[in-house]
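Chain A is the first sequence line, chain B the second, and so forth, proteins listed ahead of strands; every chain is numbered from 1.
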Protein chains: 2
Amino acid sequence: MEQVARRVTIADVAQRAGVSKTAVSFAFNKPDRLNVATASRILGIANELGYRPDPVARMLTQRRTGSIGILTPQDLSVIFTNPFFGSFSAGIAAVSEEHGYGLHFISPLHGSLSRAIHRATVDGVVAIGLTDDHPEIDEIRRAGLPMVLVDSATTGTLASVDIDDEGGARLAAAHVLELGHRTIMVLAIDGPRAAGIGEHGVVQRRMRGYRETLAEAGVELPEASIAVGPASIDGGSEAFDRLWDAGQRPTAVLAMSDAMAIGAIRAIHRKGRSVPGEISVVGFDDVDLAASTDPPLTTVHQPVRGKGEAAVRLLLSVMEGGQTEPVHRRLETRLVIRSSTGPVAAGIREVPADRPTSA
Amino acid sequence: MEQVARRVTIADVAQRAGVSKTAVSFAFNKPDRLNVATASRILGIANELGYRPDPVARMLTQRRTGSIGILTPQDLSVIFTNPFFGSFSAGIAAVSEEHGYGLHFISPLHGSLSRAIHRATVDGVVAIGLTDDHPEIDEIRRAGLPMVLVDSATTGTLASVDIDDEGGARLAAAHVLELGHRTIMVLAIDGPRAAGIGEHGVVQRRMRGYRETLAEAGVELPEASIAVGPASIDGGSEAFDRLWDAGQRPTAVLAMSDAMAIGAIRAIHRKGRSVPGEISVVGFDDVDLAASTDPPLTTVHQPVRGKGEAAVRLLLSVMEGGQTEPVHRRLETRLVIRSSTGPVAAGIREVPADRPTSA
DNA sequence: CCGGTTTGCTAAACCGGTTTTGTCAGCCCA
DNA sequence: TGGGCTGACAAAACCGGTTTAGCAAACCGG
């Protein structure tokens, strides 16, 4: 075994075969431009030497990397624990793979998203959960990198894929309303930046859906009954506990993600309460496992995987330069009623919305 | 807006600033080697022109990509639907991000893993579920790429991280045995290649654990009561259904992944049977959601996230050249008993193991 | 047998950076 | 006053490929 084992380069092969670098390159990429005997001799020697063209050098000359980036404003270590992201990634992966692209995840590098973006070697990016007012979006745009926005605030100039967040939230709120609930808690998703995700994000749209639907039924949603946390099981538990410990006693909780809903259910169980007997819970996303939770989760369905697929398809089309007007796709949501919601318990029904019950 | 907007290069900046490329490069990387006034003037112009060093060119000269690869022998679109993978990736991401590395997923490109490997621009790779006899391992080794194997057959020459698969499986089997079960079904994970995953993979180790523990109790595990399928919810459902439709009537099923276990529970419920009343189910992995399923899943816990973290730490150490003997780490497993398992129903207890019950 | 085309291959330029080496002016000190 | 240093920058080589331009020999029709 050699000690340092310097990578064998195209020049090594060329020299060993007694030909030029060009010939070696041709042997690999345009074999028809070479005498068939020469070509196979070169290939033989290359193989014998264990030569593999350096992908980086290749990228440089061809001006394409063969991979697409998934951009998230949050650390991957938190994002990956959300089952939603699994399905979404699966959708992205499915059509990327089909078209021969690899997947590169781009997340804040030591806190800086823009640093991460500039280090990333991708042909295009799908950005998830980035609001349009994020400064990094401009950086990408200036870098001329094809991009599509998912779940963000589509103010227009970039292609985007979204779902009907507000409509979905309305369905969720209407559902608990119909079951007689009047004391309602909302578990909102923590934005990438602690305070203020901007006015147009997913969170805002869903919140508006909840709030307006409740308002139309004369039910107020005081700030004190809204908690914010990361979109994970623990995040949901903690958010619920925070509100509970502050004296909130809702009969229904509307969670902005299934993970949070599941966390809330766990927290509720730990308090010795039952779902949906004492407290109803509705989620958002309808992840694969939502049908198998205890109890099976009533939730707003969105085509998570389809969203990933649509995003990549869109991205590919802008990468291929059909540089027409930016396309905006909006996918539908619907309510899936399972067993985590039920009618208000009789004794609680008449409690006014603004006074927490004490049992 | 410019039409073609050619990328602005270091030469453009140099020319515009009336300096050499070297100066521009220094301004970015070694500012102390320049007169402070010159440096800031260059930076100013660079910024004004919207110049960003091309990461690919940078990679080429520095011989490092700044990202690590996750190699899977299966398509990402299937891998990502396994909640196990989410936690595992989160672990990988956590320590990668901490050390400033990006994440690149490498999966079979149009069916060829080795093609994918050669296109990948990474400084090192953690390979999950690759058995040591996989030919691509040799390719990587020959390419001189640092690598650590996770959940594979560690025959030795590469660093590896594994768990005590056999021990975990023994715990699962012993548990159902103790509950009185004698008619047992196994749901095994489908390997990357349809037939024959080699003799040493995860599947084999777990199978051995099941089989030997049962054998020690005098219980046989006929081939007819083993089904193989992808490690997903649907995969579990289908595998169970296949066996059921073939007349198998187990009182307990041992699944090699939580996803499959959940799928099996779904299938069982669809047949109108109860878990654990009529059939007990034990999973493997203990994913985040296992505590929240209906019913909460009895399963073999493994430190999924910790496995990812350990893998990257190991990888970093071999990347940094501490080229000592390959390290092999083995993480522990333990049984977590929740509510998907229970004692055999009275009427069934005496049925011999090799004759399927009929109700 | 001659001009034009094709075949098979090479030299050199290029991709966009980094790094090594070199140049030149100013300064210090004997 | 001149030799050695140092500071500030430039020129050129280099990373490892691809691609363009070109050249010599073989071929080819008339």
Asks: What is the distance from CG of L34(A) to P of dT18(D), rounded to the nearest Å?
Replies: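 That distance rounds to 13 Å.
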Asks: So what does V24(A) hit on the nucleic acid, given a heavy-atom distance under 4.0 Å: a base, only sugar-phosphate, or nothing?
Replies: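 V24(A): no heavy atom of the nucleic acid under 4.0 Å.
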Asks: Of the listed nucleotides (dC9(C), dT19(C), dA10(D)), which one gets closest to any side-chain atom of S25(B)?
Replies: dT19(C)
Asks: Quick check on contacts: within residues 45-61 of chain A, what sits under 4.0 Å from DNA chain C by heavy-atom distance?
Replies: L60(A), T61(A)
Asks: Classify the nucleic acid contact of R63(A) as base, sugar-phosphate or nothing, counting any heavy atom under 4.0 Å across all strands shown.
Replies: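 Counting heavy atoms under 4.0 Å across all strands, the contact made by R63(A) is with sugar-phosphate only.
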Asks: So how far is it from S160(A) OG to M147(A) CE, rounded to the nearest 0.5 Å?
Replies: 11.0 Å
Asks: If I take atom NZ in residue K30(B) and atom P in nucleotide dT20(C), what distance separates them, rounded to the nearest angstrom?
Replies: 7 Å
Asks: For the residue pair N29(B) / R58(B), report whether a side-chain donor-acceptor contact shorter than 3.5 Å exists.
Replies: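 Side-chain D/A pair, R58(B) to N29(B): present.
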Asks: Could you work out which one of dC9(C), dT18(D), dA10(D) sits closest to the side chain of F26(B)?
Replies: dA10(D)
Asks: With ring centroids as reference points, do F80(B) and F105(B) lie under 6.0 angstrom apart?
Replies: yes
Asks: Just the rounded figure in Å: distance from C1' of dC9(D) to CZ of R33(B).
Replies: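 Spelled out: CZ on R33(B) to C1' on dC9(D) is 10 Å.
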Asks: What residue among V19(B), V24(B), I42(B), T22(B) forms side-chain contact (heavy atoms from CB on, under 4.5 Å) with L34(B)?
Replies: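 Single pass found, and it is I42(B).
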Asks: Round to a whole Å and report the spacing from CD1 of I10(B) to C1' of dT19(C).
Replies: 12 Å
Asks: Would you kindly check whether a donor in the side chain of T22(A) faces an acceptor in the base of dT19(D), or vice versa, at under 3.5 angstrom?
Replies: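 When only heavy-atom distances are counted, T22(A) does reach the base of dT19(D) through a donor-acceptor pair under 3.5 Å.
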Asks: Check the distance between dG8(C)'s C1' and R41(A)'s CZ and give it to me in whole angstrom.
Replies: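 So the CZ-C1' distance, R41(A) to dG8(C), works out to 12 Å.
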Asks: Do T38(B) and dA8(D) share a donor-acceptor pair, side chain to base, under 3.5 Å?
Replies: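 Side chain to base: no pair present.
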Asks: If only side-chain N and O atoms of T9(B) are considered, is one of them under 4.0 Å from the OP1 or OP2 phosphate oxygen of dG16(C)?
Replies: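 Result: no.
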Asks: Are N29(A) and dT18(D) close enough that a side-chain N or O sits under 4.0 Å from OP1 or OP2?
Replies: yes
Asks: Separation of F28(A) atom CZ from dG16(D) atom C1', in whole Å?
Replies: 13 Å
Asks: Output the single nucleotide from dC15(D), dT18(D), dT18(C) whose closest atom is nearest the side chain of Q62(A).
Replies: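 My answer, after comparing the listed nucleotides, is dT18(D).
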Asks: For Q15(B) and dG16(C), what is the distance between atoms CD and P respectively, to the nearest whole Å?
Replies: 14 Å
Asks: I need the CG-P distance between N35(A) and dA26(D), as an integer number of Å.
Replies: 13 Å
Asks: Using purine N1 to pyrimidine N3 plus N6-O4 or O6-N4 for Watson-Crick, or N1-O2 and O6-N3 for G-U wobble, each under 3.5 Å, what pairs with dT5(C)?
Replies: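 With both distances under 3.5 Å, dT5(C) matches dA26(D).
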Asks: Could you tell me whether the side chains of D123(B) and T65(B) share a donor-acceptor contact shorter than 3.5 Å?
Replies: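 Note: D123(B) and T65(B) side chains meet the donor-acceptor criterion.
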Asks: Counting only side-chain heavy atoms from C-beta out, which of dA13(D), dG8(C), dA11(C) sits nearest to K21(B)?
Replies: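 Per side-chain heavy atoms of K21(B), the pick is dA13(D).
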Asks: Do K307(A) and D162(A) meet the salt-bridge criterion of a basic N to acidic O distance under 4.0 Å?
Replies: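 The answer is no: the pair does not qualify as a salt bridge.
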Asks: Excluding sequence neighbours, so at least two apart, what forms salt bridge (charged side-chain N to carboxylate O under 4.0 Å, His left out) with R313(A)?
Replies: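 With sequence neighbours excluded, R313(A) shows a salt bridge (charged side-chain N to carboxylate O under 4.0 Å, His left out) to E309(A), given in chain and number order.
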Asks: Take a 6.0 Å sphere around CD of Q62(A) and say whether it holds more than 12 heavy atoms from other residues, nucleotides or ligands.
Replies: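 For Q62(A), atom CD is crowded (more than 12 foreign heavy atoms under 6.0 Å).
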